[in-house]
Protein chains: 2
Amino acid sequence: MSPKYENLKIKNQICFPLYACSREIIKQYKPFLDEIDLTYTQYLVMMVLWERQALTVKELGNCLYLDSGTLTPLLKKMESKGLLSRKRSEKDERSLIVSVTEAGMQLRERAADIPEKMASCTNLDPQDAAALYRILYQLLDCFTSSEENE
Amino acid sequence: MSPKYENLKIKNQICFPLYACSREIIKQYKPFLDEIDLTYTQYLVMMVLWERQALTVKELGNCLYLDSGTLTPLLKKMESKGLLSRKRSEKDERSLIVSVTEAGMQLRERAADIPEKMASCTNLDPQDAAALYRILYQLLDCFTSSEENE
DNA sequence: TTTAAATCAATTGTGCACAATTAAATTTTG
DNA sequence: CAAAATTTAATTGTGCACAATTGATTTAAA
């Protein structure tokens, strides 16, 4: 029974609040990330490297849903800051292996309290946080599984 | 009892899936938006204009959580495509009024089936969609209300 | 095994986002 | 009223995102 253009109203979109919310939260990160001289995307790369130490650009892209067009210049910048090193794989010269440096690992100490600081920025209760987490990964999953044959 | 760096793991972040999901959904829009020659951000502007016909850059920015640095060049581009017109307010010369044109209104017809096409891209059940919607707007609200005294 | 297809990172070009600054117009204050 | 503060859009500069292409390398097929 909805009027013809009801579905085109902003308030009936699900992607818009997702997009707006994502950007607003990243803005909240900024003052904390400024202290350790990282952008949000660089922070994501460091989080992966802190866990994995070394992986290829391809693997990093799979982790973060980013392609080489985004990662190549980002990683070069981070290499010049001394956070990571880049070298071709000996097993497969097509692949480039990104490895965290000692300085990169040390940055983890200075980042350790960021998640806690960020948590206090929101009024999200544990149930809602869990629901949000589950739904978002379900959505992500349905997009990645639709690419399996590409 | 979590290890020291547990909170820095990608899998324990809530912003990351939000950020990734937002971009993945916008990618799903692309083929549909290409047909009517709009980017996702331009589509958001048009959705506001289809409902409101005319409003200032400031009001548009409040609707979309975007500032003039993003909107000014975007709106100039859309003006050159004939979708909207830009003129200063007579009541207040600081404000610029953005108005949808006839061609802009006509585009609504061609966009009308996009929401339906997009809905079929996801496996989101109605309860989850409603929960996601509620939680995201609650989050957005908590960021905007923290700016009240700026 | 030579050729063809696939994979991977890099490059190119376009389009946002956004912080910070500027400049014009308006409102508020003293 | 006149000066100061505020508001608004535009500008400038930086940093992603991403589609499309390129080029080198590897794998698969004929």
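Note on naming: letters A, B, ... go to the chains in the order of the sequence lines (proteins, then strands), and numbering restarts at 1 for each one. These numbers come from a predicted model, not from an experiment.
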Asker: Nearest whole Å is fine: how far is C:dC8 P from A:Ile97 CD1?
Answerer: 13 Å

Asker: Has the side chain of A:Glu59 got a donor or acceptor atom that lies under 3.5 Å from a matching backbone atom of A:Thr56?
Answerer: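 Yes: the side chain of A:Glu59 pairs with the backbone of A:Thr56.
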
Asker: Expressed as a whole number of angstroms, how long is the span from B:Arg86:CZ to D:dT8:P?
Answerer: 17 Å

Asker: Are OP1 or OP2 of C:dA10 and a side-chain N or O of A:Thr72 less than 4.0 angstrom apart?
Answerer: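 Yes, A:Thr72 has a side-chain N/O under 4.0 Å of OP1/OP2 on C:dA10.
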
Asker: Among side-chain atoms of A:Gln42 and A:Lys77, is any donor-acceptor pair under 3.5 angstrom?
Answerer: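 Short answer, no.
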
Asker: May I ask you to list the residues of residues 9-19 of chain A, by number, that have any heavy atom positioned under 4.0 Å from an atom of DNA chain C?
Answerer: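 Hits under 4.0 Å, by residue number: A:Tyr19.
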
Asker: Holding to side chain to side chain contact (heavy atoms under 4.5 Å, CB included), I want the full list of residues that pass it with A:Ile14, two or more places apart in sequence or in another chain.
Answerer: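 Applying side chain to side chain contact (heavy atoms under 4.5 Å, CB included) to A:Ile14 gives B:Leu132, B:Tyr133.
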
Asker: Give the rounded distance in Å between these two atoms: CD1 of B:Ile26 and C1' of D:dC18.
Answerer: 12 Å

Asker: Can you list the residues that meet the ring pair (Phe, Tyr, Trp, His ring centres under 6.0 Å) rule with A:Tyr29, with sequence neighbours excluded?
Answerer: A:Tyr40, A:Tyr43

Asker: Going by heavy atoms closer than 4.0 Å, what residues in residues 31-51 of chain A are next to DNA chain C?
Answerer: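 Per residue number, the list is empty: none.
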
Asker: A:Leu66 has an atom CG; how far is it from atom P of D:dG15, in whole Å?
Answerer: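 Taking atom P of D:dG15 as the reference, CG of A:Leu66 is at 17 Å.
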
Asker: Quick one: which residue pairs count as a ring pair (Phe, Tyr, Trp, His ring centres under 6.0 Å) with a foot in residues 80-129 of chain B, not counting sequence neighbours?
Answerer: none

Asker: Report yes if a side-chain nitrogen or oxygen of A:Arg88 is closer than 4.0 Å to either non-bridging phosphate oxygen (OP1 or OP2) of C:dA10; otherwise report no.
Answerer: yes

Asker: Can you list, in residue-number order, the parts of residues 73-84 of chain B that come under 4.0 Å of DNA chain C, counting heavy atoms only?
Answerer: B:Leu74, B:Lys77

Asker: Strictly by salt bridge (Lys or Arg N to Asp or Glu O under 4.0 Å), give each pair with a member in residues 118-130 of chain A just once, sequence neighbours left out.
Answerer: A:Asp128-B:Arg134

Asker: Can you sort out the partners of A:Glu79 under side chain to side chain contact (heavy atoms under 4.5 Å, CB included), two or more places apart, ordered by chain and number?
Answerer: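 For A:Glu79 the side chain to side chain contact (heavy atoms under 4.5 Å, CB included) partners, ignoring immediate neighbours, are A:Leu84, A:Arg86.
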
Asker: Which donor-acceptor pairs under 3.5 Å do the side chains of residues 69-76 of chain A make with protein atoms, sequence neighbours left out?
Answerer:
unit_1: A:Thr72; atom_1: OG1; unit_2: A:Ser68; atom_2: O; d: 3.0

Asker: Starting at CD1 of B:Ile25 and ending at C1' of D:dA17, how long is that distance when rounded to a whole Å?
Answerer: 16 Å

Asker: Pick out the pairs of N or O atoms, protein on one side and nucleotides 20-26 of chain D on the other, that lie under 3.5 Å.
Answerer:
unit_1: D:dT26; atom_1: OP1; unit_2: A:Glu93; atom_2: N; d: 3.1

Asker: Atom CG of B:Leu71 and atom P of D:dA9: how far apart are they, to the nearest Å?
Answerer: 9 Å

Asker: Does A:Ile97 belong to the same Ile/Leu/Val/Met/Phe/Trp/Tyr cluster as A:Met105, with side-chain heavy atoms less than 4.5 Å apart forming each link?
Answerer: no

Asker: Looking at every heavy atom in both A:Pro17 and B:Leu136, which two are closest together, and how far apart are they?
Answerer: CB-CB, 3.9 Å

Asker: Whether the B:Glu51 and A:Tyr5 side chains hold a donor-acceptor pair (N or O, under 3.5 Å, no angle test) is what I'd like checked.
Answerer: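 On atom types as modelled, these side chains do not qualify, holding no pair under 3.5 Å.
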
Asker: Counting side-chain heavy atoms from C-beta on, which of D:dC18, C:dA9, D:dT8 comes nearest to B:Arg23?
Answerer: D:dC18

Asker: How would you list all residue pairs meeting ring pair (Phe, Tyr, Trp, His ring centres under 6.0 Å) that involve residues 54-73 of chain B, not counting sequence neighbours?
Answerer: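 Of all non-adjacent pairs touching residues 54-73 of chain B, none passes ring pair (Phe, Tyr, Trp, His ring centres under 6.0 Å).
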
Asker: How many Å lie between CG on B:Leu60 and P on D:dT8, as a whole number?
Answerer: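 For the pair B:Leu60 CG and D:dT8 P, the rounded distance is 14 Å.
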
Asker: Quick one: list whatever passes side chain to side chain contact (heavy atoms under 4.5 Å, CB included) with A:Glu93, sequence neighbours left out.
Answerer: A:Arg88

Asker: Might you work through the side-chain contact (heavy atoms from CB on, under 4.5 Å) test for B:Thr39 and B:Leu33, ending with a clear yes or no?
Answerer: CA-CA 6 Å; B:Thr39 64; B:Leu33 292 176; over 6 Å; no

Asker: Just how far, in rounded Å, is P of C:dT7 from CG of A:Asn62?
Answerer: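 So the two atoms are 12 Å apart, to the nearest Å.
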
